[in-house]
Every structure is written in C-alpha cells, then in structure tokens.
2 protein chains.
Amino acid sequence: MTLKTSTPSRGRPRDPKKLESIVQTAKQLFSEHGFERISVDEIARQAGVTKATVYSYFGSKEALFGATVLHKVREEFALGEGQTLDPRSPEEGLQVIGKQFLSLIRRDDVLGAHRTLFSCAGVHPDLCEAFFRSAPFMVHAEVTRFFEACIEIGSMKNAIAADAADQFLSLHLGIGHIKAMLGLGKPDPAEDDRLVQRNINLIKQAYDLKSLPA
Amino acid sequence: MTLKTSTPSRGRPRDPKKLESIVQTAKQLFSEHGFERISVDEIARQAGVTKATVYSYFGSKEALFGATVLHKVREEFALGEGQTLDPRSPEEGLQVIGKQFLSLIRRDDVLGAHRTLFSCAGVHPDLCEAFFRSAPFMVHAEVTRFFEACIEIGSMKNAIAADAADQFLSLHLGIGHIKAMLGLGKPDPAEDDRLVQRNINLIKQAYDLKSLPA
DNA sequence: ATAATAATGTACTTGACAGTCTATTAAATA
DNA sequence: TATTTAATAGACTGTCAAGTACATTATTAT
C-alpha cells in the first residue's frame, strides 16, 4: 500500500500533478493492456516521471495496480447521472437505461477494465470484489430501484425487481458483447439501438409494462 | 507455428504421448493462469518433458498457446451432445439447453478459457476469432436451430430465431456470471436452477411458447 | 552391428523488468 | 540566505523467463 498522502510542513511538497498523471496513465495502460503486459518503466515514461517517483507514491506494482484500476470506477460506471427516470413511463425509462448501459459497455476503457479484472480473478480476489461492488453491482442496484418504483405504482407486473433488473441488463451481454470483449468487430450504433428495442419488447411483454397517466 | 507433424521414415520417431501431455498440460495451465503468468519451463515441468522438447514441437510460446488453447474447444463447448430436442415441447427443450449452458459456463476450465481469451483481445486477434467461431458462435447457432424448428411448427410465435437464441443465452450471463468470471462465490445449483426457470418464463411469455400434441 | 537421423536433455545466453541506491534538486521555514 | 526535509532522476542489481546450442540417446534402415 504505502501511499504517502500526508503533506508534512517541512521539505519539498508533492507535486499533485505528478500523482494525477501517474494514476491516469497507469489506469489507462492497465485497462488497455492488462497487468502483466505493462511495465512500471513504461507507466513512468508515459506519465513523464521516473520509476522512483512512482515507487515513492506506491510501494509496489501491485499497489499501483490496486489503487489505480479502481480509481473512480464508481463514477465512470454510473448510469443515470442526473437522469430522472419516471416509473410511470417504464418503456421510456428502459430506453434510457438500455442505451446508456450499452454505450457504457461498448467503451474501450470499460471493456479493458473488465478484461483486466477478469484476468486477475484468482490472483487479486480483493480487487475483484471491490470492482464488483463498485461497478456491476451498483448498476444492477440502480436498475433494481427503478423497477421497484415501477412495481410500486403498477406500471410493471409479476416481477421481482432484482431479477428483472438482472434480466434486462444481461440481455445486452450476448453475442455482441462477447465479440466486443474479444476485440472483434466495431460497435454499430444502429444495430445497438435495435438490440435495446428488442430487449425492451421482451421485458415489456413478459412483465406487462404500461404507461400510466401523470 | 513450426509444428512438425511429419513422421519421417528414418530416425527416432516422436513419442505421441509427450505431445499429448504437452498439449493437455499447456491447455490447462494457460486456461487456469493465463498466457503471461505461465512459463514454458513450468509447462514442460508439469508435462514431464523438457523445454527443448516443447520447442521441437512448437517454435514459440505463442505457437504453443495458439495450438493448445483452442485444442478441442468445439467439442468441449458442444451443448446438445446426443440430446434430441423436441420442438413440440419448447419449454422442455429450453430446460435442457438452459441447464447445459449454465453448467458449461460455470465450469472452471470454461471460465478460465474465457478469461484467457478476453485478455488477449487486441494481441492475438486471430485466436480470438477462432475461439469465437468455435465456441460462442456454435452454441448460439445450435440454439438458433432449435428455435427455428419451434417457429416452423408453431410452438413459438413472433420471434426471430437468432435474436431469441441470443436473448435466451444472454439471460444467463448476468450478475451471477460476472461474479463467476471474477472468481467470486461458488456455484449454487439450486440458485442456478431458479435462474434457468426464471429465464424460460420470460421467453415463454414473450414468445408465447406452447406445447403441441405429438 | 552400424550408420543415419532426429528427438530429448543440460546448460547457456540474452533481455526485460521489479525494485533499490545514491546523488541532486526543489521548496519551505527560520 | 542558510538549513532542513523530502521529492526526483538516473544508474544499478538480481531474478526470471524465452529461446538456443550442443551433447546424448533412441530408433529405424541397411
């Protein structure tokens, strides 16, 4: 761990820009190439800093990895930023959620983060746990809350909110997402829109989604 | 590449057991730990062979990786082995497909293969392509054929077979699968059965699945 | 048997990379 | 301005792994 955050009164103070640069660079390179394929030298080089500086902030490559790969994931994976979803129009809500979720999981950095975290499954269980709680779980919880509201006011029927949320989200993780995770083919916005619509229709039929008057 | 398959008439012949041992060991270790975390020395050691022997079959670590990680995936990922699914009972068919698919994607070696392949997304595009065609794509195609048969005889309605297949399969790739990919939590057969049933119900309602008389 | 051929084993070379050491430089107080 | 404290730079070290070279051993054809 060994991250020195204290700013002592005497002596040369830390340059906050350097820390920021290290974190940003490391995050990007780890996500893009994975833990083992990136050297600390390379991170330092691209961050415009030397390795000693990196090691003065982070005591080891693992510590750097842990501290940076989870840096602000929660914010980056946030779905409904500012969006107020109206449970009286569940279909519209799902439009928003579906499109946002899909563009989220099509992003290169998000795909990279998943690849990188998956690849350290047995090796860094704590990191995987932290990632899970701050990314997939948060998104799921957010959608669950929306469905709870829908069920509450009766715009959705015969559903368990958490199950339906899992279903709606997972519907976007099929063949297309596997291709994306494997780095095959580029995202096709038109196809993705169709995907969202297809999945909304499924949920709509099964859970009897209805718009209610204001 | 440099895999010498020819068995010349003169000289010491290859020991087929050694090749088999190398391939098996490499496949297991690569799937379990990933490409970068496993050394050729380790593979050779566990295969009961020396590195020179490995290099006499495979010219490089990459060649070994490519040749072994895809070794018989098609067979291993096969879904309906011998099962004859009756499109007149679509719900039963989906029971079989869902359970088999779920136990497939819960297997450690299958999870490992996905992690390993995902992690070499940009690095070995050809491998990723080959994997995609022989595993996820094949499974999808298999389910698509079943749905086509259902649509044909009228036990399923308002569906595009390929879309519905993607939907049904992807429904099993939600939170639970992400946890598994991250190495968190152990598989829970009871929970998994519930998951399959939940997903069948969704498809059943949306596509009006009906059992037809024989 | 013996020569020919090729697989296997041992030891080596090379390079890369994690992590450290020491000197220098920048800032902040007195 | 002098002194102190710590950040930074660049060179250095030790380890580990990929790939190679050469010696040896096993097998087949003559």
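First the proteins, then the strands, lettered A, B, ... as listed; each starts at 1.
- Side-chain contact check for A/Gln167 and B/Asn199: at least one donor-acceptor pair (N or O, by modelled atom type) lies under 3.5 Å.
- Nearest nucleotide to the side chain of A/Ser39, out of D/dT8, C/dC17, D/dA9: C/dC17.
- Atom NZ in B/Lys61 sits roughly 15 Å away from atom P in C/dA16 (whole-Å rounding).
- Backbone-only contact: A/Ile38 has heavy atoms under 4.0 Å from sugar-phosphate atoms and none from a base.
- Here NZ of B/Lys99 is found 8.0 Å from CD of B/Gln197. Values are rounded to the nearest 0.5 Å.
- Taking every side-chain heavy atom of A/Thr53 into account, D/dA9 is the closest of D/dA18, D/dA9, C/dG9.
- Here D/dG10 is the nucleotide among D/dG10, D/dT8, C/dG19 with the atom lying nearest to any side-chain atom of A/Ala52.
- Nearest nucleotide to the B/Ser56 side chain, out of C/dT8, D/dA18, C/dC17: C/dT8.
- Looking at which nucleotide of DNA chain C each of B/Asp15 and A/Asp41 is closest to, the 5′-most match is held by B/Asp15.
- The distance from atom CG of A/Leu29 to atom P of C/dA18 is 12 Å, rounded to the nearest whole Å.
- Here the C1' atom of nucleotide C/dG19 and the CD atom of A/Glu62 are 13 Å apart, to the nearest Å.
- No salt bridge links A/Asp15 with A/Lys17; every basic N to acidic carboxylate O contact stays at or beyond 4.0 Å.
- For the pair A/Phe35 CZ and C/dC17 P, the computed distance is 13 Å after rounding to whole Å.
- One can place CZ of B/Phe30 at 8 Å from P of D/dA18, the figure rounded to the nearest angstrom.
- Nucleotide C/dG9 holds its C1' atom 16 Å from the OH atom of B/Tyr55, rounded to whole Å.
- Rounding to whole angstrom units, CZ of residue A/Phe58 and P of D/dT8 are separated by 12 Å.
- Residue contacts for A/Lys18: at a heavy-atom cut-off of 4.0 Å it reaches the sugar-phosphate backbone alone, with no base atom in range.
- Here C/dC17 presents its C1' atom at 15 Å from CZ of A/Arg45, a figure rounded to the nearest Å.
- How far CG of A/Leu127 is from OG1 of A/Thr116: 11.0 Å, rounded to the nearest 0.5 Å.
- When the nucleotides D/dA18, D/dT8, C/dA18 are ranked by their closest atom to the side chain of A/Thr50, D/dT8 comes out on top.
- A/Gln95 and A/Glu91 share no donor-acceptor pair across their side chains, judged by distance under 3.5 Å alone.
- The base of C/dA18 sits within donor-acceptor range of the side chain of A/Lys51, with an N or O pair under 3.5 Å.
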